[in-house]
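Per chain, numbering begins at 1; letters A, B, ... match sequence-line order. What you are looking at is a predicted structure, and each value in this text was computed from that prediction instead of being measured.
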2 protein chains.
Amino acid sequence: MSEFEFITRITGRLSRTINHDGGPIVEGLVEIGPGDDAAVLRTPDGRVVASSDLLIEGRHFRRDWSGPYDIGRKAAAQNLADVVAMGGRPTALLVGFGVPADIDVAWAERLYDGLRDECAVVGAVVAGGDVVRAPVVTLGVTALGDLAGRAPLRRSGARPGDVVAVRGRLGYAAAGLDLLTRGVDGPAELIAAHRRPRPPYEAGEEAVRLGATALIDVSDGLIQDLGHIAAAGGVRIDVDSAALPVPAELGPDGLRFVLTGGEDHGFAGTFPSGTTLPPEWRAIGRVTAGAGVTLDGRPHELTAWDHFLD
Amino acid sequence: MSEFEFITRITGRLSRTINHDGGPIVEGLVEIGPGDDAAVLRTPDGRVVASSDLLIEGRHFRRDWSGPYDIGRKAAAQNLADVVAMGGRPTALLVGFGVPADIDVAWAERLYDGLRDECAVVGAVVAGGDVVRAPVVTLGVTALGDLAGRAPLRRSGARPGDVVAVRGRLGYAAAGLDLLTRGVDGPAELIAAHRRPRPPYEAGEEAVRLGATALIDVSDGLIQDLGHIAAAGGVRIDVDSAALPVPAELGPDGLRFVLTGGEDHGFAGTFPSGTTLPPEWRAIGRVTAGAGVTLDGRPHELTAWDHFLD
């Protein structure tokens, strides 16, 4: 199969999304989709939100632990969540796909089905990309989004007195990965959480409406990601361990997974004192003067989840 | 060195570009640069041009044949050229960087110097990205650009009777790669062309002004890329071999390199009959009714440069 046949097959999984009746509402934003030198997207806000991640087989996923459809959904989800964490609405993905020689076109088609379907959850589409040979499955994913006239929600706005709150699951994906790594049985929900995160995408616009001062998606682990908010804002964040949700199904290491596990792509934000939070948001701590992240007032020592050094 | 120290070091090479006095004119377009969940760029045209490529060590470059600075310039150039080929002005890059364990921070800094400096040629900046571990050096590069109110210049607009013309070098990068592959001496200019392409970025806006009906950057090889224009427009393109520039320094295989060599990132376009082309553009053929690409009226049989299957 030639490069062009292969590309035609996999982009064929996408074109129905772009051209289909009654499809995602942002389809009208794609002026030029896959097949030219570049995509052209309308940006009604006069700005574009843009975020890129690389996903490398053996580090971010394993083909024996996840199928192509879930890998596609996860690759899309983590990038869409970055746009949401800025308060943006995702509109499009560009996907660079590095293909080892042992990948067949059916596997690749399922990957693109997953990319397409995760985009559809938020009304976005895959608008372009690139296919090359690579030694391991490699995905270079860029998500674009629109702010709809809103100010971007940065990491840097937390102020002493703010409430720290989270929305979405914490620790599930890490607990699932731990089961797979140790090769032991456990709740299917945990394995599923590792394979396919379900970010609560509505959290971004909701945080904007609630007057959030900072927002981040929890991709490196709660403590580490709150550390980014603390550093960017020049503040300290104190987490109250009693307020953290540590469900029994996470097992005996549940608190560690909640504090240091990434990849569930929930959201952590800071809100002015006195904000009435809807029930989906759980208050877990407080912003104070100082630096760093503390747990019950003590500096936190657990090793953070670190994609880079692992 | 931790992930965050490493990232701080390499993004430190970029911040001077974004914040520097008298710097590139598009700096004002970057509302939020590296360091948050996503970048935010202003899009005064109300649209954004977006293109992604993956570059994989061993396939698109070799560390023993190219230094990090040249690899950075080349990775930026090939993506910036895609935006130019749509008639756009590049504004920003996002760079996902996959780092093997044997890469030191000084090597990575030089790579980012190269990305920064190639962007500066067109007044663009590196606005964001990602750093992860990878088995080989991996670059996932996304270029964004602005159309400044112009219609995008597609591959599909060629019409019978149009003149086919090229701007920029053809075959130099392929001839240089051939020297490196065979391990023989040859003109330094050819090796340099492989290591660091010099796309004539002004070709995009110039083609728009000249009324071009289609434009592409020559990345896969002249015949193959003209084939994309022919297929997208439902036309045939006939190339006149006597009109092709085949400089003596390309060696005895010069014509083959000119016809099938990619990676110089010159531009090929089609223009209405009677267009007065400036001297930088060389007319090399004609659009006719039919399909495919012919050389002097005969179907072209040379194997095209194919990144995917090689």
Side-chain angles (χ1 to χ4, degrees), chain A residues 2-3 6 31-32 35-44 46-56 58-60 82-83 85-86 88 92 94-98 127-136 138 140-145 147 152 154-156 216-217 232 306-310, chain B residues 2-3 6 31-32 35-44 46-56 58-60 82-83 85-86 88 92 94-98 127-136 138 140-145 147 152 154-156 216-217 232 306-310:
Chain A
S2 78
E3 172 181 3
F6 188 92
E31 188 170 314
I32 298 176
D36 216 304
D37 294 296
V40 178
L41 305 170
R42 297 195 185 91
T43 55
R47 294 169 296 179
V48 65
V49 183
S51 179
S52 281
D53 280 332
L54 269 182
L55 288 90
I56 310 282
R59 179 152 300 268
H60 301 106
D82 281 324
V83 169
M86 298 301 288
L94 303 172
V95 180
F97 178 26
D130 179 36
V131 180
V132 300
R133 278 272 179 247
V136 297
T138 304
V141 183
T142 298
L144 303 176
L147 285 163
R154 307 207 51 173
R155 296 179 174 181
S156 55
I216 196 167
D217 82 302
D306 190 326
H307 293 306
F308 184 69
L309 299 171
D310 272 356
Chain B
S2 78
E3 173 181 3
F6 188 92
E31 188 170 314
I32 298 176
D36 216 305
D37 294 297
V40 177
L41 305 170
R42 297 195 185 91
T43 55
R47 294 169 296 178
V48 65
V49 183
S51 180
S52 281
D53 280 333
L54 269 183
L55 288 91
I56 309 282
R59 179 153 299 270
H60 301 106
D82 282 324
V83 170
M86 298 302 287
L94 303 173
V95 180
F97 178 26
D130 179 36
V131 180
V132 299
R133 278 273 179 246
V136 298
T138 305
V141 183
T142 298
L144 304 177
L147 285 162
R154 305 207 52 172
R155 296 179 174 180
S156 55
I216 196 168
D217 83 301
D306 191 327
H307 292 305
F308 184 68
L309 299 172
D310 272 355

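Interface remark: B/V49 contributes backbone and side-chain atoms alike to the contact with chain A (heavy atom separation under 4.5 Å). Neither the backbone nor the side chain of A/L55 comes within contact range of chain B; no heavy atom of the residue lies under 4.5 Å from a heavy atom of that chain. A/V48 touches chain B through backbone and side chain together, each having a heavy atom under 4.5 Å away.
Distance check: A/L94 CG to B/L144 CG gives 8.0 Å after rounding to the nearest 0.5 Å.
B/T43 pairs by the side-chain hydrogen bond (donor to acceptor under 3.5 Å, both in side chains) definition with A/T43, not counting sequence neighbours. B/T142 meets the side-chain hydrogen bond (donor to acceptor under 3.5 Å, both in side chains) test with A/T142, B/S52; sequence neighbours excluded.
Looking at A/D130, its side chain does come within 3.5 Å of a backbone N or O of B/L54 through a donor-acceptor pair. Listed for the B/D36 side chain is a donor-acceptor partner under 3.5 Å among the backbone atoms of A/R155.
The candidate with the highest count of non-hydrogen atom pairs below 4.5 Å against chain A, out of B/V136, B/I216, B/T138, B/I32, is B/I32. Per-residue counts of heavy-atom pairs under 4.5 Å with chain A were compared for B/G145, B/P152, B/A50; the largest is that of B/A50. For the set B/V40, B/V141, B/V83, the entry with the most heavy-atom pairs within less than 4.5 Å of chain A is B/V40. Of the listed residues A/A143, A/P44, A/G58, A/G46, the one with more heavy-atom pairs under 4.5 angstrom with chain B than any other is A/G46.
Considering only heavy atoms from C-beta on, A/D37 stays 4.5 Å or farther from B/S51 through its side chain.
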